[in-house]
Amino acid sequence: MRIAMIGTGYVGLVSGACFSEFGVDVVCVDKDVRKIDGLRERGEIPIYEPGLDALVASNTAAGRLSFTTNLKEAMAGADAVFIAVGTPSRRGDGHADLSYVYNAAREVAEHMDRYTVVVTKSTVPVGTGREVARIIREANPAADFDVVSNPEFLREGSAINDFMRPDRVVIGAETERAQAVMRQLYRVLYLIETPILFTALETSELIKYAANTFLATKITFINEIADLCEKVGADVHDVARGIGLDGRIGRKFLHAGPGYGGSCFPKDTLALVKTAQDFGAPLRIIETVVSINDQRKKAMADKVVQFLGGDVTGKTIAVLGLTFKPNTDDMRDSPSLDIVPALQQAGATIRAFDPEGMHEAAKHFTNVLYAESAYDCMAGADALVILTEWNEFRALDLDRVKTLLKAPVLIDLRNIYNPDDMEAQGFRYSPIGRRSVG
Ligand SMILES: NC(=O)c1ccc[n+]([C@@H]2O[C@H](COP(=O)([O-])OP(=O)(O)OC[C@H]3O[C@@H](n4cnc5c(N)ncnc54)[C@H](O)[C@@H]3O)[C@@H](O)[C@H]2O)c1
């Protein structure tokens, strides 16, 4: 089998590398010349994703994985072409911006010279697959193809494992011929008995949005319960465990925090809200989730300011973690993008450290001082704020933290420390939905 992967970003590069590991010949294409040159000439991985460098190196060496900016070359002899380009929020209205997908479809049409399965791996609203088919037919009436929807459920930070051992694979394919190609591509997953769901195109497209908006709702639910916990003196950790042990609820995605962010949940919740409104079937739950989450990210800066006495003018705040979650360098819609500027606006100086995200972060923030390590970040600061739960922040040497900070004050927006321990250590401590100390 041979495939072309259009878009060599978080999803395209991981999917391409994983398919090549499955034994498929993969050519990854991108318009970004620097990205492709780096990959091709220096084996440079453009993103931070654990394990990806080794996977790319071994499959490139084995001759199953290559990179190009030339789609024609990539499509030569391909059984399938995957579209894994970005679908960001459209400026102004929140609909998914499908221009990259439709441009890719036009380009694919131009180079199609044999039966090809065109697979949308990008997260795309209901109806996009049919539109991709229409575009290809219009641009190349003689083209012999099927359009398939195959949404991706990988999580950044554990993307390779998620791709290789997924809970399920969803395939919206409506002809036997296309289904057979997809079955062959995912043969390795059949062997490990991964559930593979074949559905209609629209169903597959909607499954992806329904999954992401459900998860965003679950996070938002526990975040609101956390706020209530703070008012009534309950502990959100215990509440989450108490409900999560119920098999109907499940324990995952019940961690209270500063609000969901990242490259998917914010834009996908918004896009589904728009789709539902367009079709006259508004999703009021998701509309509410979107607005609660937006407000929450903004409210987090206020929580910090209040804990620091209501005025942070002239104070230095040490911020640990800037990416939207650990084990990625992705800053897209990270809560830090709301919290850091709001703290600056309130008069604080921000010194920050993130193990992988500072290069990306520097494109978004102004006047942030970047530190070389977590400890370097907090030296002489008035307070410490944990924004992202990187493992290295979970086991800080608290004695050292105390000597470095001007005063032992920790605002823990990821609940990675425990109020009792922090009290015993003599910290003033503010978590989310749990007892504050001091
Ligand atoms: N990032 C995630 O964790 C994740 C998970 C599941 C699904 N998704 C979905 O996957 C899609 C891709 O997301 P991403 O995070 O990988 O995006 P990304 O921005 O990291 O990568 C997209 C790449 O596509 C390239 N590109 C755009 N148009 C092109 C064209 N016509 N030809 C060649 N290359 C082109 C861009 O240069 C870029 O490198 C989105 O729809 C997203 O919602 C993302």
Side-chain angles (χ1 to χ4, degrees), residues 4-18 27-39 44-50 52 67-75 81-90 95-111 118-125 128-129 132 135 139 149-163 166-167 169-170 204-205 207-209 211-213 215-216 260-272 323-334 360:
M5 182 69 64
I6 305 181
T8 308
Y10 285 87
V11 166
L13 184 54
V14 169
S15 306
C18 290
V27 186
C28 288
V29 197
D30 206 286
K31 285 207 174 309
D32 186 334
V33 179
R34 278 212 336 233
K35 210 180 251 189
I36 294 299
D37 280 354
L39 279 159
E44 229 168 61
I45 307 297
I47 54 169
Y48 176 74
E49 179 60 47
L52 188 56
F67 302 95
T68 181
T69 52
N70 183 330
L71 180 60
K72 183 171 196 257
E73 187 185 303
M75 277 183 62
V81 180
F82 282 71
I83 299 179
V85 300
T87 49
S89 274
R90 198 161 69 190
H95 274 287
D97 177 352
L98 294 173
S99 56
Y100 301 99
V101 172
Y102 293 155
N103 283 339
R106 274 179 215 107
E107 292 163 17
V108 165
E110 206 182 305
H111 301 298
V118 179
V119 187
T120 48
K121 201 157 229 349
S122 299
T123 302
V124 292
T128 305
V132 165
I135 288 171
S149 157
N150 173 216
E152 184 48 56
F153 297 96
L154 63 76
R155 294 162 299 175
E156 288 173 19
S158 52
I160 291 167
N161 191 60
D162 289 349
F163 193 96
D167 291 338
V169 173
V170 174
S204 168
E205 290 169 339
I207 285 172
K208 174 65 190 172
Y209 281 97
N212 271 4
T213 53
L215 293 172
Y260 61 77
S263 62
C264 293
F265 287 179
K267 78 174 174 65
D268 293 347
T269 43
L270 204 54
L272 188 61
T323 52
F324 83 96
K325 68 171 176 182
N327 293 327
T328 180
D329 58 350
D330 202 340
M331 284 292 297
R332 286 177 284 185
D333 275 319
S334 174
E360 266 311 297

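These figures come from a predicted structure and were not determined experimentally. One-based numbering, in listed order, for ligands and for the atoms of each.
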K.L.:
Once you restrict both partners to nitrogen or oxygen, which atoms of ligand 1 have a protein partner under 3.5 Å, and how far apart are they?
P.N.:
residue, atom, partner, partner atom, Å
ligand 1, 1 (N), E156, OE2, 2.7
ligand 1, 1 (N), S263, OG, 3.2
ligand 1, 3 (O), E156, OE2, 3.2
ligand 1, 15 (O), R332, NH1, 3.4
ligand 1, 15 (O), R332, NH2, 2.8
ligand 1, 16 (O), Y10, N, 3.0
ligand 1, 16 (O), V11, N, 2.8
ligand 1, 20 (O), Y10, N, 3.2
ligand 1, 31 (N), E107, OE1, 3.4
ligand 1, 34 (N), K31, N, 3.3
ligand 1, 37 (O), D30, OD1, 2.6
ligand 1, 39 (O), D30, OD1, 3.3
ligand 1, 39 (O), D30, OD2, 2.6
ligand 1, 39 (O), K35, NZ, 2.5
ligand 1, 41 (O), T87, OG1, 2.5
ligand 1, 41 (O), T123, N, 2.9
ligand 1, 43 (O), T123, OG1, 3.3
ligand 1, 43 (O), K267, NZ, 2.6

K.L.:
Could you list the residues that satisfy side chain to side chain donor-acceptor pair (under 3.5 Å) with D330, not counting sequence neighbours?
P.N.:
R332
K.L.:
Kindly determine whether S99 and D97 satisfy side-chain hydrogen bond (donor to acceptor under 3.5 Å, both in side chains), including the steps that lead there.
P.N.:
CA-CA 6 Å; S99 56; D97 177 352; 2.7 Å; yes
K.L.:
Run the salt bridge (Lys or Arg N to Asp or Glu O under 4.0 Å) test against K31 and tell me which residues pass, sequence neighbours left out.
P.N.:
E107
K.L.:
For D333, give me all partners under side chain to side chain donor-acceptor pair (under 3.5 Å), at least two apart in sequence or on another chain.
P.N.:
none
K.L.:
Between S263 and E156, do the side chains contain a donor N or O and an acceptor N or O under 3.5 Å apart?
P.N.:
yes
K.L.:
Taking the side chain as everything from C-beta on, heavy atoms only, tell me whether V27 gets closer than 4.5 Å to F67.
P.N.:
no
